[in-house]
Amino acid sequence: MAVFETADLTAASYSTALLGLVATSVLLLLGTSWVKRSWKLPVTLCALAALVGIGAVYEARAAWAASQMVPVVYHYVGWAISMPLQVLALFFFASLFGKLGMGLFWRLVVVSVLMVFVRYLGEAGFMHATLTFLIGLVFWLYILGELFFGRMDEAVRGSLNEPVQRGYFWLRLIVTVGWAIYPLGNFITSFGGYVDDGSLSVAYNIADFLNRMAFGVALLATAMLDSEGERHD
């Protein structure tokens, strides 16, 4: 087992993120028994996203221990799975309160996967960095458009359910503000000539507390409030 120096902030951030994701995964899996049946799928998808994060962070931590650097592939393999899972969790969240077509489902799947994949191609040098950055940005903006102005937003607003509307507000705010770290990191590495000395990995690990952990906990809290309200009715 690797032994890290006390002042190794990068290693500490990986260990903290790893333990936080483990705790979040357990909480969400337990939480599937605390909500009504219709909420179980969105909560489970968030749990799966956290579980994927555990594997990705563990591998990246091992890479840091071995070479004091983390190749970009270690970040992107986790994002390529967890981010589409979270987008689908939002889709199934909104589908509880209004009919959403399968066309939207598949568009969200394809766009969320390509959003991550094209950024990887740019950072790995397989495609022109400017082109992939712009394409990835367009895909992210498309997802935000669906969340704020599309059928998903209409379904949630039409529910007239205050806890659900409040929860949806915070979830899409995380996708807007928290996920901004990824194109920002892509921009810094692709155009700023930045070579990650561990600082960017620390930023990504801190972002995990919002983007993977807080996202899942916020969705679980919304599901529990909605389930509790139904029991009281």
Side-chain angles (χ1 to χ4, degrees), residues 16-17 20-21 23-25 27-28 31 35 39 41-50 52-53 75 78-98 100 104-105 107-109 111-113 115-116 119 136-188 200 202-229:
T16 306
L21 286 166
T24 302
S25 300
L27 175 64
L28 292 173
V35 299
W39 279 105
L41 179 56
V43 174
T44 301
L45 289 171
C46 289
L48 290 174
V52 168
H75 299 302
W79 296 338
I81 305 298
S82 63
M83 294 175 81
L85 286 173
Q86 291 177 303
V87 170
L88 289 182
L90 283 168
F91 173 86
F92 288 113
F93 177 135
S95 70
L96 298 177
F97 305 98
L100 304 179
L104 176 59
F105 172 87
R107 286 196 301 274
L108 290 173
V109 170
V111 168
S112 57
V113 171
M115 175 183 68
V116 179
R119 286 178 187 158
L137 195 60
V138 168
F139 286 150
W140 179 45
L141 291 175
Y142 169 77
I143 293 172
L144 293 181
E146 290 290 356
L147 293 177
F148 281 89
F149 309 109
R151 185 69 188 91
M152 296 165 67
D153 177 62
E154 292 177 8
V156 174
R157 280 192 289 109
S159 70
L160 302 179
N161 185 320
E162 185 180 349
V164 166
Q165 292 177 346
R166 191 185 310 118
Y168 185 75
F169 168 81
W170 287 111
L171 288 168
R172 68 183 181 182
L173 186 64
I174 291 173
V175 175
T176 305
V177 177
W179 286 20
I181 185 67
Y182 307 125
L184 179 60
N186 183 203
F187 181 85
I188 291 172
L200 190 59
V202 172
Y204 287 148
N205 290 332
I206 293 173
D208 264 346
F209 281 87
L210 178 64
N211 297 338
R212 283 189 176 121
M213 301 178 214
F215 184 96
V217 172
L219 192 144
L220 175 61
T222 303
M224 291 177 65
L225 287 171
D226 184 57
S227 301
E228 186 67 22

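Nothing fancy with the numbering, it's 1 onward along the sequence.
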Chemist: Name all residues meeting the side chain to side chain contact (heavy atoms under 4.5 Å, CB included) criterion together with Val113; count only those two or more places apart in sequence or in a different chain, and write none if there are none.
Modeler: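 Checked Val113 against side chain to side chain contact (heavy atoms under 4.5 Å, CB included); matches are Pro84.
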Chemist: Which residues satisfy the side-chain hydrogen bond (donor to acceptor under 3.5 Å, both in side chains) test with Ser82, sequence neighbours excluded?
Modeler: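 side-chain hydrogen bond (donor to acceptor under 3.5 Å, both in side chains) check on Ser82 returns Arg212.
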Chemist: Under the side-chain hydrogen bond (donor to acceptor under 3.5 Å, both in side chains) test, which residues partner Arg119, sequence neighbours left out?
Modeler: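 Once residues adjacent in sequence are excluded, Arg119 has no partner under the side-chain hydrogen bond (donor to acceptor under 3.5 Å, both in side chains) criterion.
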Chemist: Does Trp39 have any side-chain hydrogen bond (donor to acceptor under 3.5 Å, both in side chains) partners at least two apart in sequence or in another chain, and if so, which?
Modeler: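 Result, side-chain hydrogen bond (donor to acceptor under 3.5 Å, both in side chains) vs Trp39: Asp226.
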Chemist: Check side chain to side chain contact (heavy atoms under 4.5 Å, CB included) between Val177 and all other residues, then give those that pass, not counting sequence neighbours.
Modeler: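 If we apply the side chain to side chain contact (heavy atoms under 4.5 Å, CB included) test to Val177, skipping adjacent residues, the hits are Leu173.
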Chemist: Compare all side-chain heavy atoms of Trp179 with those of Asn211 and state whether any distance is below 4.5 angstrom.
Modeler: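 The answer is yes, as the side chains (C-beta and beyond) meet within the 4.5 Å cut-off.
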Chemist: Considering only heavy atoms from C-beta outward, does the side chain of Phe92 approach that of Thr44 to under 4.5 Å?
Modeler: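 A side-chain contact under 4.5 Å is absent here.
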Chemist: Are Leu104 and Met152 close enough that some pair of their side-chain heavy atoms sits under 4.5 Å apart?
Modeler: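 Leu104 vs Met152: side chains touch.
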Chemist: Quick one: side chain to side chain contact (heavy atoms under 4.5 Å, CB included) partners of Ile206, sequence neighbours excluded?
Modeler: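 Applying side chain to side chain contact (heavy atoms under 4.5 Å, CB included) to Ile206 gives Val202.
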Chemist: Any side chain to side chain donor-acceptor pair (under 3.5 Å) involving residues 167-177? Give me the pairs, sequence neighbours left out, ordered by first then second residue.
Modeler: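 Every side chain to side chain donor-acceptor pair (under 3.5 Å) pair that includes a residue of residues 167-177, provided the two are not neighbours, is Asp153-Arg172.
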Chemist: I need the full list of salt bridge (charged side-chain N to carboxylate O under 4.0 Å, His left out) pairs touching residues 158-167, with sequence neighbours left out, sorted by first then second residue.
Modeler: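 For residues 158-167: Glu162-Arg166.
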Chemist: Which residues pass the ring pair (Phe, Tyr, Trp, His ring centres under 6.0 Å) test with Phe139, not counting sequence neighbours?
Modeler: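 Partners of Phe139 under the ring pair (Phe, Tyr, Trp, His ring centres under 6.0 Å) test: none.
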Chemist: With sequence neighbours left out, what residues match Leu27 under side chain to side chain contact (heavy atoms under 4.5 Å, CB included)?
Modeler: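 Per chain and number, Leu27 pairs via side chain to side chain contact (heavy atoms under 4.5 Å, CB included) with Trp34, Val217, Leu220.
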